[in-house]
Every structure is written in C-alpha cells, then in structure tokens.
2 protein chains.
Amino acid sequence: MEHGVDFAALAAGSGERPRTASEFVQRVLRAAILDGRIPPGTPLRQEALAEAFDMSRMPVREALRQLEAQALLEFTPHKGAVVAEISIQDQADTYLIRRALEPVAFARSIPHLTREDLDRAEDLVDDMDREPDHGRLGELNRRFHMSLYARAGSPKLLRLIERQLVEHDRYLRFHLARLGRDRMSQEDHRAMIAAAADGDISAATCVLHRHIDVAATESDRSFQYEKQ
Amino acid sequence: MEHGVDFAALAAGSGERPRTASEFVQRVLRAAILDGRIPPGTPLRQEALAEAFDMSRMPVREALRQLEAQALLEFTPHKGAVVAEISIQDQADTYLIRRALEPVAFARSIPHLTREDLDRAEDLVDDMDREPDHGRLGELNRRFHMSLYARAGSPKLLRLIERQLVEHDRYLRFHLARLGRDRMSQEDHRAMIAAAADGDISAATCVLHRHIDVAATESDRSFQYEKQ
DNA sequence: CATTTGTTGATTGGATCCAATTTTTACTCT
DNA sequence: AGAGTAAAAATTGGATCCAATCAACAAATG
C-alpha cells in the first residue's frame, strides 16, 4: 500500500471483463487515472499490479505501454512508469485545443443533424440534471458534446475531440468539487441544441465558443483553488 | 515474403539503436509505415518480425501495442495487427485538424520568437531546397513548421500538432510523386517567416491558412491520382 | 571528511514455454 | 458434389524464468 492506492479493489469491482487480460488492466487503470483514484506521480510497479489483478506481469506490461502511448503514463527505461502529472498549463492547453476543434466539428455537423440526434442530446442533458454521481457526469457531458458533432463526417477529427474530452475528465473533478454540478452551464447545453435545431451555425458555434471559454476560466480558478 | 515487405532489410539498416529492443522495433516499423514501405493492410506477424529483427516475440509485441495506440496499426484479439488503412477522408481530416490548430499555435508563438528561431526556420527552408531525398522532406517540413510554433508556450498543443504532421507524412509521398518538390510552396514558407519577423500575426496566420488549404486541395488530387 | 568505487537488492527488459483462440484442412454424411 | 463438422495447423495471449540495468548503501582512498 506504498502509495495509498488499493489496486486490488480497483481490479475487483469493474464491469464486465473484455476479451483479453491486457485490455482489462488497461481500462481499469485508465479509468482510475482519469478520475483521480490513482493520483499523478504514482509509480506503477508491474509486480504489484500483477499481484493485485491476479495475473502475470506480461499483460500488465502491455497495458502500461498502451497507457504510455496515450500520454497517461511516463516511462523511463529500466525505471518503470509513473502516472503523468497534471498541471494548470496542461488544462489550459486542453481548452485551447477544444476551442479550436469543437466549433469546426459542430459547424460541419449541424446541417446533417437529425431530429433523433437532437432528442438524444436533450436526453443526455436531462440525464446530467439527474445523475447523482459526480464521477459519471464527465461521461455524460462527453457523450452530449459528441452527439452534437457526430454528423460532421470527419471520424478522425471526432476521435481527436473525444480524446480531449476524456483528458478533460482528469480536471473536471476539481471543477465539480468547487462549484458542484449546478454551474456546469446546462443553459449553454440547451442553447446549443436550440441553435442547432434552427440550423443557425454561427449562433451555435458562438455559444460553444463562450461555453468553452467560461469553462476554461472557471476551471483555471478551480485548479488553483485545489492546489491552494 | 508473403506481402512483399523485406522486414530483415528494415531491421538491418537503420541508424543508432535506442536503449531497448522494443523501442528499436517501434521506431523502425513506425518510419516504414509512415513512408509507405510497409503498405496499409499489411498483416504484421509477430513471429516473422521477431525473426527479422533477431529477437524474441516479446519486444515486438510491445512495439506493436504502442503503434496501435498511435493509430498506425489495428489490432483484433487473437488475430493480430494490420497496418492501418489510409483514405482520402483521413487525409482531409488531417488537414481540417491542422487548419484549426496550427494558426492558433503560430499566433501565440510569434510574439515570443527570437532571431535565432527565425534563422533556424530559414535554414530549414534552405535545407528543403537542397535535400535530394524525398523521404526526408517530410521531416524537414515538420521541423520547419514546429520551429515557428515552438514559442507558443503550449506543450500539449505542440505535441498534438506534431502528431498531425507525422501522420501527414503518410500522405506526403503521393503529393511528391505527382508534383515533385518544386510545388511544396517554399514561397509560403518564406512568407510565413517574413510575417513572423514583422510580428504581423494576422498576415502570418493568413498565409498559413492559405498554405494549408492549398496543400489540402492539391493532396486531394494527388491521392485520387495515385488511386486512379 | 568528501569522493569514488564495489556490492547488493529491487525492478524492468527479454527469452522461452504453455494455453487459448482462430483459421484452415480434411472428412463424413446427405 | 456440397454443406456441415471435426481435427490439425498457425497465431496470438499469458506465465515463468533469466539477464540487464538502476538505486542505495557500505567501504576504501585521496
């Protein structure tokens, strides 16, 4: 229990197992890193993880390599992996990237959005109002945004945006801890749906721009608050 | 030699070896995939690669996993890895992403560019004029662009852009095969340096926008030409 | 006393072997 | 002959073992 993280508990309670052990480890660790259960800087010892997951070191190694390629870990040869640090700079960069990419996807998607797409987006906003678990808000928020961009016809762009939203989750919990769910700008979300329903691209992207900018400045405060 | 790729030759002639065998394999395969020596769709058999690189299957496996996380391979459990396909859609998306991200980085970088940065950028443009090997033009072009964005103060944004430029390399050779180096818009490159030297952000980003748009439409033609 | 040099323990990198899964081949039955 | 099925081959996933490397500490030397 060197670093206060109960890896065995992580390994135990976690949905259905994928086909391979390696992928299982990868998903569990990924989720735990994103929501902060494994804090930045934690060294991940292969032997300890293998024992906690009750398997050999090999699938653990493969999982760690994949997480490294996703920039969630940092490897040093013969020294092993540590959870990548988070920083206010990184958070700011995430918003900078989202601000550049998401309006493009939104603008390209709006002309092809169907009634079903908009209904699904609205359902997700409602779900967010009801969801009691802060940890799951990130996923709902992500699915909401992605549902509005889904018709952009640019799979690679969408994958990239989704990745930014996932990395954003690493910081979202600070935001929620300080302000709670109420300030998650549900009005912005509904305004985006309305503008998209009207086919008003400039209005929609304008709301989105503001939405991301507000989130950026608020999250900046939340991060500084968290770190004193 | 099932798929006409001489893996042993790849393994043999390739610069200095990194610390670990896994990283060596990763770099060699990555370079070969990017410049098309291993064509899209090629299945990568662990046993064959291990023999070609004269090592066991294990470092090969780790390398393949990392390349998968970089979206250069696609894995199917118990079936193995194949080189990711390229498509005109993917190429278009790459330009869409570059168009959204690079001007942001350039605008943020310009106020902090030093004389040395600009000199280095100019050297790289000159190098591109002289470089006889088409395969290396991609790297020089990448380094040129990155040198202009280097002072943006957004490491994560820069990593993302560099990744796009690397993936761009997979398509660049079609462009060069059709038009040759002459049309690589060296004038744009020099115009970008000049505008940056003047501190004229809007002029610089304008040139960059046009530069990317022209490259996008030309590359689109090159791709269709290549595939008939 | 500071610095350097072995030495030991811990940890990762790599090799080899075994198990699980998929694909192919061969065979049977209609 | 053709479809379906069972056995065999090929290939990947996982376990175990050994080697290489790094960190910490002790001892020797200036």
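Owing to the predicted nature of the structure, the values given are computational and were not obtained by experimental measurement.
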Scan side-chain atoms only and decide if Arg57(B) and Gln46(B) contain a donor-acceptor pair under the 3.5 Å cut-off.
yes

Are the side chain of Ser219(B) and the backbone of Ala215(B) linked by a donor-acceptor contact shorter than 3.5 Å?
yes

Base dG14(C) paired with Arg61(B) side chain (donor-acceptor, <3.5 Å):
no

Met58(A) side chain, from C-beta outward: closest of dG13(C), dG14(D), dG13(D):
dG14(D)

Output yes when at least one side-chain N/O atom of Lys79(B) is less than 4.0 Å from OP1 or OP2 of dT11(D), else no.
no

Would you call Arg136(B) and Glu139(B) a salt bridge, taking side-chain N to carboxylate O under 4.0 Å as the test?
no

Identify whether any heavy atom of Leu44(B) sits under 4.0 Å from a base atom; if not, whether one sits that close to sugar-phosphate; answer base, sugar-phosphate or nothing.
sugar-phosphate

Please compare Thr20(A) and Pro77(A) by the position of their nearest nucleotide in DNA chain D and report the one closer to 5'.
Thr20(A)

Figure out the CD/P separation between Glu62(A) and dT12(C), and round it to whole Å.
16 Å

Check: Arg178(B)/Ser222(B) side-chain N/O donor and acceptor closer than 3.5 Å
yes

Without decimals, in angstroms, what is the distance between Phe53(A) CZ and dG13(D) P?
19 Å

Figure out the CZ/P separation between Arg45(A) and dA10(C), and round it to whole Å.
12 Å

Measuring to OP1 and OP2 of dG13(C), would you say a side-chain N or O of Arg57(B) lies under 4.0 angstrom away?
no

Phosphate oxygens OP1/OP2 of dG13(C): is one of them under 4.0 Å from a side-chain N or O of Gln46(A)?
yes

To the nearest Å, how far apart are Leu64(B) CG and dT12(D) P?
9 Å

Gap between atoms CD and P, on Gln66(B) and dG13(C) respectively (whole Å):
10 Å

